[in-house]
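Take a look at the structure set out below.
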Amino acid sequence: MLDIRLRSRPGATSFEADIKSYARTRHWSAALHSFQESSKLHSHVSESLYTSIISAQGKGRQWQRALALLSEMWSAKLEPNVISYSAGISACEQSGQWLQALALLGDMPEAKLEPDVFFSYSAGISACGKGEQWQRALALLSQMGEAKLEPNVIFSYNAGISACEKGEQWERALALLREMREAKLERSIISYSAGISACEKGEQWQRALELFDRCGRRSSSAPSFSYNAAISACEKAEQWQRALALFGQMLEARLEPNVIEFALPGVASRTCDRGIVVR
DNA sequence: ATAGGGTTAG
């Protein structure tokens with residue numbers, strides 16, 4: 001009996017668990033609803049719970065809600081910290097609201113918070129990239145340099161390369177890769193993949209393949225991304241033999257191509273009809 | 001001790 005009553009009015013921890021599991025399973029509005037219930041029942045809602053729910057709103061592309069929750073924190077006498085702000089910036093980024101993302105980033109010093117290289121800046125740079133604001137993305141990158149936000153700027157560099165890619169600035173993307181090398185920053189498979197994609201958009205398939213060779217395409221983190229970008233570059237340049245060769249290499253390396261990778265070299269219909277590999 | 005996002009293809 002007692003158990004049932006306890007369950008019908010769950011405590012804070014149970015709400016937290018519920019909310020997080022809703023967020024994991026992408027039930028954003030259920031997460032928010034659960035959160036609102038929990039706010040009603042408990043006088044105190046933790047910063048971390050607010051941050052989780054802000055993040056969940058971002059994933060559900062509900063940037064207005066995310067921003068509203070962030071300002072609600074102040075009225076609830078909670079102090080949003082770097083993590084809360086980063087979640088907010090990220091929410092704006094995911095919703096394509098680069099201006100809002102930059103506004104939040106700019107608000108941080110006023111709240112006596114120092115933007116974090118790992119998340120605040122990279123989310124802001126990504127937001128600019130998505131909004132086709134590569135100049136602003138690069139401005140943020142150099143702003144970080146001035147603020148001496150070293151050494152782990154790899155994430156931000158990668159976001160910057162991607163911003164150049166989206167803005168069709170392949171030369172600048174390559175320049176960033178070079179800068180990374182000079183600064184002795186580790187260029188991950190992600191850095192290279194973003195660079196390859198930039199070359200692809202700029203119709204520089206030879207350069208794309210050069211980068212592909214350089215990145216080693218070993219099974220580090222997500223090698224299929226770099227294969228994908230390289231195959232796509234060949235496909236755009238009508239280098240179908242090369243695209244097929246890369247595709248073959250992918251199979252040899254025991255990477256499982258997905259449907260799109262099948263489609264790219266123009267072999268999709270034949271191979272897929274025979275039901276090979278694709279699941 | 002509890003939260004936060006670095007890439008791509010169609």
Side-chain angles (χ1 to χ4, degrees), chain A residues 12-13 16-17 19-20 23 31 35 45-59 66 69-70 73 78 80-95 101 104 108 113 115-127 129-130 137 140-141 144 152-166 173 176-177 180 185-201 208 211-212 215 220-236 243 246-247 250 257-266 268:
Chain A
T13 34
E16 291 214 27
I19 292 167
K20 280 171 188 163
F35 171 77
V45 178
S46 68
E47 280 101 344
S48 72
L49 192 51
Y50 259 106
T51 303
S52 300
I53 204 72
I54 289 170
S55 164
Q57 295 313 304
K59 294 190 175 104
L69 286 161
L70 195 58
M73 285 182 81
L78 291 172
N81 59 17
V82 178
I83 301 177
S84 329
Y85 267 91
S86 300
I89 295 168
S90 172
C92 296
E93 187 269 338
Q94 285 168 299
S95 307
L104 272 189
M108 291 182 74
L113 295 172
D116 177 80
V117 191
F118 228 69
F119 296 105
S120 323
Y121 268 109
S122 58
I125 292 170
S126 286
K130 240 184 209 162
L140 278 183
L141 252 187
M144 285 173 54
N152 204 341
V153 293
I154 299 172
F155 276 35
S156 302
Y157 263 102
N158 292 346
I161 295 170
S162 170
C164 292
E165 177 261 326
K166 293 195 175 69
L176 286 182
L177 274 171
M180 286 181 85
L185 293 169
E186 189 206 338
R187 286 154 297 164
S188 67
I189 196 123
I190 295 177
S191 329
Y192 278 109
S193 299
I196 293 169
S197 290
C199 293
E200 179 227 309
K201 282 232 170 72
L211 279 187
F212 178 75
C215 82
S220 49
S221 55
S224 58
F225 275 110
S226 57
Y227 269 99
N228 197 323
I231 292 173
S232 178
C234 294
E235 179 260 339
K236 273 229 172 74
L246 284 171
F247 186 74
M250 239 186 130
N258 61 25
V259 180
I260 293 164
E261 281 149 356
F262 266 106
L264 281 173

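Note on naming: letters A, B, ... go to the chains in the order of the sequence lines (proteins, then strands), and numbering restarts at 1 for each one. The analysis underlying the following values was restricted to heavy atoms, covering all of them including side chains, and did not include hydrogens, waters or symmetry mates.
Summarising the geometry of A:Cys215 relative to A:Ile189, their closest heavy-atom pair is SG-CD1, 4.5 Å, with the distance given to 0.1 Å.
Put simply, the side chain of A:Leu140 reaches to within 4.5 Å of the side chain of A:Tyr121, judged on heavy atoms.
One cannot find a donor-acceptor pair under 3.5 Å joining the base of B:dG6 and the side-chain atoms of A:Ser162. A donor-acceptor contact under 3.5 Å links the side chain of A:Ser193 to the base of B:dT7. In terms of polar N and O atoms assigned as donor or acceptor, the side chain of A:Thr51 never comes within less than 3.5 Å of the base of B:dG4 in a complementary pairing.
A:Ser126 comes within contact range of at least one nucleobase, with a heavy-atom separation under 4.0 Å. Residue contacts shown for A:Gln94 include a base, since a base heavy atom lies under 4.0 Å away.
The six-membered or imidazole ring of A:Tyr227 lies away from that of A:Phe247, with a centre-to-centre distance of 6.0 Å or more.
Of all nucleotides listed (B:dA9, B:dG6, B:dG5), B:dG6 comes nearest to the side chain of A:Asn158. In this structure, the nucleotide among B:dG5, B:dA9, B:dG4 sitting nearest to the side chain of A:Lys130 is B:dG5. Listed candidates were B:dG6, B:dA9, B:dG5. Nearest to the side chain of A:Glu93 is B:dG5. Checking B:dG6, B:dA3, B:dG4 against every side-chain atom of A:Ser120, the shortest atom distance belongs to B:dG4.
The interatomic distance linking A:Phe119 (CZ) with B:dG4 (C1') rounds to 5 Å, in whole Å. Look at CD on A:Glu186: it is 16 Å from P on B:dG6, rounded to the nearest Å. A:Ile83 places its CD1 atom 8 Å from the P atom of B:dA3, with the value rounded to the nearest Å. What separates CG of A:Leu246 from P of B:dA9 is a distance of 17 Å, to the nearest Å. Rounded to whole Å, the distance from CG on A:Leu141 to P on B:dG6 is 14 Å. Put simply, CZ on A:Phe155 is 12 Å from C1' on B:dG4, counting in whole angstrom units. Distance CD1 (A:Ile125) to C1' (B:dT7): 14 Å, rounded to an integer number of Å. If you measure from atom CG of A:Leu176 to atom P of B:dT7, you get 14 Å, rounded to the nearest angstrom.
Residue A:Ser52 has no polar side-chain atom (N or O) positioned under 4.0 Å from OP1 or OP2 of B:dT2. Put simply, A:Lys201 has no side-chain N or O that comes within less than 4.0 Å of OP1 or OP2 on B:dT8.
Residues satisfying the ring pair (Phe, Tyr, Trp, His ring centres under 6.0 Å) criterion with A:Tyr50, sequence neighbours excluded, are A:Phe35. Here A:Ser232 pairs with A:Glu200, A:Glu235, A:Leu264 under the side chain to side chain contact (heavy atoms under 4.5 Å, CB included) rule; sequence neighbours left out.
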